Amino acid sequence: MSGDRHIEAVARRDGVLRFYLTDFGRAPLPLDGVRGTATVRTEDGGTKETLELVPRDGALEARGAPLAGDMVDVRMEASLGDEQLLIDFTLPVSPTGSTGATGAAH
C-alpha cells in the first residue's frame, strides 16, 4: 500500500515489469495521465536501469533488458494526479509473469 493505493507488481524474464494500481477497495485506478519510472537493480547489485512506465492493458508497464537471476529489486515512482507514489519491491522473476509481489511504500 502507498497511502490508500494498493500496488502489485510482476517481473518477467523478458524484462517486462507490470504494476497494477487499485484503490483501497481494490477497484482498478484509471491510468490516463499517470507518469512514472521503474528503477531496476539485479539481485547481484550489478545492473541498474531506469525505465519509463507506460499505461498498457490496465497496468503501468516498463520494458527493459532481459532479467537474469531469480529476484530483482525495483523502485516504482509515479504521479497519479497530484498524488505521488513511491514503493520498493523485491520481485521473483517469472518466465511468464504469473507470480508477483507487493512492496514497501515510502
Side-chain angles (χ1 to χ4, degrees):
M1 297 286 292
S2 180
D4 286 341
R5 307 304 183 196
H6 182 83
I7 305 165
E8 294 186 24
V10 174
R12 291 190 338 213
R13 179 86 45 219
D14 63 1
V16 173
L17 304 169
R18 294 183 56 84
F19 301 90
Y20 299 88
L21 281 62
T22 59
D23 65 15
F24 187 75
R26 298 285 179 95
L29 295 172
L31 300 176
D32 295 337
V34 175
R35 299 281 182 257
T37 60
T39 302
V40 179
R41 184 178 297 276
T42 57
E43 69 180 318
D44 62 7
T47 305
K48 184 176 178 182
E49 183 176 24
T50 299
L51 309 166
E52 180 182 357
L53 294 172
V54 177
R56 183 173 285 128
D57 298 327
L60 293 175
E61 186 175 279
R63 292 176 178 259
L67 299 169
D70 295 325
M71 304 294 284
V72 64
D73 291 328
V74 179
R75 172 169 279 193
M76 189 274 272
E77 298 181 61
S79 297
L80 183 65
D82 59 355
E83 184 177 358
Q84 298 296 311
L85 304 175
L86 172 61
I87 190 164
D88 291 318
F89 294 91
T90 297
L91 299 172
V93 177
S94 167
T96 62
S98 61
T99 59
T102 57
H106 295 271

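Small disclaimer: the values here were computed from a predicted structure and weren't measured.
- The minimum heavy-atom distance between Val93 and Gly69, with the atom names listed, is CB-O, 3.8 Å.
- Residues satisfying the side-chain contact (heavy atoms from CB on, under 4.5 Å) criterion with Thr37, sequence neighbours excluded, are Thr50, Glu77.
- The structure places OG1 of Thr22 at 8.5 Å from CD1 of Ile7, a figure rounded to the nearest 0.5 Å.
- Taking CZ from Phe89 and CD from Glu8, the interatomic distance works out to 8.5 Å, rounded to the nearest 0.5 Å.
- Side-chain contact between Glu49 and Thr39: absent, with no pair of heavy atoms (C-beta onward) separated by less than 4.5 Å.
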Solution key, residues 52-61 side-chain donor-acceptor pairs under 3.5 Å, sequence neighbours excluded:
from	atom 1	to	atom 2	distance (Å)
Arg56	NH1	Glu61	OE2	2.6
Glu61	OE1	Arg18	NH1	2.6
Glu61	OE2	Arg63	NE	2.8
Glu61	OE2	Arg63	NH2	2.9

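- You'll find the side chain of Pro95 stays beyond 4.5 Å of the side chain of Arg12, heavy atoms only.
- Within the model, atoms CG of Asp70 and OG of Ser94 stand 11.0 Å from one another, a figure rounded to the nearest 0.5 Å.
- Ala11 approaches Leu91 most closely through the heavy-atom pair CB-CD1, 3.9 Å.
- Taken from CG in Leu21 to CE in Met76, the straight-line distance is 5.0 Å, to the nearest 0.5 Å.
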Could you please spell out the steps behind the side-chain contact (heavy atoms from CB on, under 4.5 Å) verdict for Asp23 and Arg5? CA-CA 5 Å; Asp23 65 15; Arg5 307 304 183 196; 3.8 Å; yes
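- The closest side-chain heavy-atom distance from Asp73 to Thr90 is below 4.5 Å.
- Residues Phe19 and Val74 have side chains in contact (heavy-atom distance under 4.5 Å, counting atoms from C-beta outward).
- Contact of the Leu29 side chain with the Val34 side chain is not registered, since no non-hydrogen atoms from C-beta on lie closer than 4.5 Å.
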